[in-house]
Colleague: 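The structure that follows is given in the form of structure tokens.
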Protein chains: 2
Amino acid sequence: MIKIGELSKVTGCSVQTIRHYEKEQLIASAERSEGNFRLYDEVAVEQLLFVKHCRSLDLSLPEIRQLLGLSRSPGAQCDDVNRMMDRHIEQVEARIQELTKLNEQLRMLRRSCSNRRTVEQCGILRNLSATPVSSG
Amino acid sequence: MIKIGELSKVTGCSVQTIRHYEKEQLIASAERSEGNFRLYDEVAVEQLLFVKHCRSLDLSLPEIRQLLGLSRSPGAQCDDVNRMMDRHIEQVEARIQELTKLNEQLRMLRRSCSNRRTVEQCGILRNLSATPVSSG
DNA sequence: GATTGACTCTATAGTTGTTATAGAGTTTAT
DNA sequence: ATAAACTCTATAACAACTATAGAGTCAATC
Ligand SMILES: [Zn+2]
Ligand SMILES: [Zn+2]
Ligand SMILES: [Zn+2]
Ligand SMILES: [Zn+2]
């Protein structure tokens, strides 16, 4: 049985984050010591690593909660998991597209300044003042 | 002179957002009518569109405030504007890279489920339980 | 002139996933 | 006994909005 500081070191999640996950029901409520300190075992470490792995994939806390729910009802079909993953992948790809477009616009804007001028004549500021290309 | 609702329609910014921008000093404090309603002229419309354009490029409110400051001191050199733009572009590109990596991992994970199975045997959940590839 | 409806005002809370405090209690070591 | 290191809860901060409550303003209708 380890305390929260050690769990933090082992998993790489901050102490506050661990407490937050507990409050949000992403990990089980920890047992407590006599002095009311949280105590964790190996299972708790695994649970937290699962959550951390999901977070590294940018799954939201509600999404993770849903995954945990599904994994606790083993009779359930995979469809639900898959639907969520597909939706999530879609969102990530949409965001990539958005940012790529953004990046092009930013680079174009950046090119409109040839340095060493004063801000008064700056193409960047002038272009920013003009109406946006399209507000997507 | 138009009221805030009309400004909202003209610019496509919500009423609350306009009030928020005023509080955050991204647009000038509006004149007030007898009944304490905000009143805007053409200049105000332009100012708000500038801010909106910047936001559509994902510039943060502090960054926009900085741009506004620079554009108000016309003697200033372009260097500052450029430095900010470069930093911003860097961040956008870094985020694109991150998301691209993420997307690959998500797709790989998604492939590990062949549907119609029960969650118990699901490759997705199994792989999520395993230690992450790398926590970047 | 009273009432309705559409609009506006301020102030405050909620969103998301943490991070950072404050102030108090616990444990371990000296 | 005391100090250091840790833990506890509760609360605020971050970013950029969005949403709400409760009150006030204004124009038009009856
Ligand atoms: Zn998602
Ligand atoms: Zn320039
Ligand atoms: Zn930026
Ligand atoms: Zn599956």
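Throughout, a chain's letter reflects where its sequence line sits, starting with A, and its residues are numbered from 1.
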Colleague: Ignoring hydrogens and geometry beyond distance, is the side chain of A:Gln16 in donor-acceptor contact with the base of C:dA20 at under 3.5 Å?
Modeller: yes
Colleague: Looking at B:Arg95 and B:Glu98, does any basic side-chain N land under 4.0 Å from a carboxylate oxygen?
Modeller: yes
Colleague: How many Å lie between CG on B:Leu59 and C1' on D:dA15, as a whole number?
Modeller: 14 Å
Colleague: Between A:His88 and A:Leu57 (side chain of the first, backbone of the second, donor and acceptor by atom type, cut-off under 3.5 Å), is there such a pair?
Modeller: yes
Colleague: Within the structure, does a side-chain N or O atom of B:Arg38 lie under 4.0 Å from either OP1 or OP2 of C:dT8?
Modeller: no
Colleague: Among D:dT9, C:dT18, D:dT18, find the nucleotide with the atom closest to the side chain of A:Arg32.
Modeller: D:dT9
Colleague: Is there a side-chain contact between B:Thr17 and the phosphate of D:dT18, meaning an N or O under 4.0 Å from OP1 or OP2?
Modeller: yes
Colleague: Atom CD1 of B:Ile2 to atom P of C:dA6: distance rounded to whole Å?
Modeller: 21 Å
Colleague: Would a distance-only check, ignoring hydrogens and angles, find a side-chain to backbone donor-acceptor pair under 3.5 Å from A:Thr100 to A:Ile96?
Modeller: yes
Colleague: Side chain of A:Pro62 only, heavy atoms from C-beta on: which candidate in C:dT8, C:dG17, D:dT11 is closest?
Modeller: C:dG17
Colleague: Return the value, rounded to whole Å, for the distance between atom CD1 of B:Ile18 and atom C1' of D:dA16.
Modeller: 15 Å
Colleague: Without decimals, in angstroms, what is the distance between A:Leu61 CG and C:dT15 P?
Modeller: 13 Å
Colleague: Could you tell me how far apart B:Gln91 (CD) and D:dA15 (C1') are, to the nearest whole angstrom?
Modeller: 14 Å
Colleague: State whether A:Tyr21 places a side-chain N or O below 4.0 Å from either non-bridging phosphate oxygen (OP1 or OP2) of C:dT18.
Modeller: yes
Colleague: Rounded to the nearest angstrom, tell me the gap between atom CD in B:Gln25 and atom C1' in D:dA16.
Modeller: 17 Å
Colleague: Side chain of A:Glu34 only, please: which of C:dT27, C:dT18, C:dC9 is the nearest?
Modeller: C:dT27
Colleague: From D:dT7, D:dC17, C:dT18, pick the nucleotide closest to the side chain of B:His20?
Modeller: D:dC17
Colleague: Between C:dT19 atom P and A:Ile4 atom CD1, what is the distance in whole Å?
Modeller: 13 Å
Colleague: For the side chain of A:Arg55, counting heavy atoms from C-beta on, which of C:dC9, D:dA16, C:dG17 is nearest?
Modeller: C:dG17
Colleague: Between A:Glu6 and B:Gly35, name the one whose nearest nucleotide on DNA chain D is closer to the 5' end.
Modeller: A:Glu6
Colleague: Please report the shortest heavy-atom distance between B:Ser71 and A:Val119, naming the atom on each side.
Modeller: CA-CG1, 3.8 Å
Colleague: Please round to the nearest 0.5 Å and tell me the distance separating atom OH of B:Tyr40 and atom CG of B:Leu7.
Modeller: 6.0 Å
Colleague: Measure CD1/B:Ile64 against C1'/D:dA15 and give the value in whole Å, please.
Modeller: 12 Å
Colleague: Using only side-chain N and O atoms of A:Ser14, determine if any of them is under 4.0 Å from OP1 or OP2 of C:dT19.
Modeller: yes
Colleague: So does A:Cys13 get a backbone contact from the side chain of A:Lys52, meaning a donor-acceptor N/O pair under 3.5 Å?
Modeller: no
Colleague: Check the phosphate of C:dC9 against B:Arg19, side-chain N and O only, distance under 4.0 Å to OP1 or OP2. Yes or no?
Modeller: yes
Colleague: Taking the side chain of A:Phe37 as heavy atoms from C-beta outward, which of D:dT18, C:dT8, C:dT26 is closest to it?
Modeller: C:dT26
Colleague: Ignoring the backbone of B:Lys3, work out which of D:dA16, C:dT8, D:dC8 is nearest its side chain.
Modeller: C:dT8
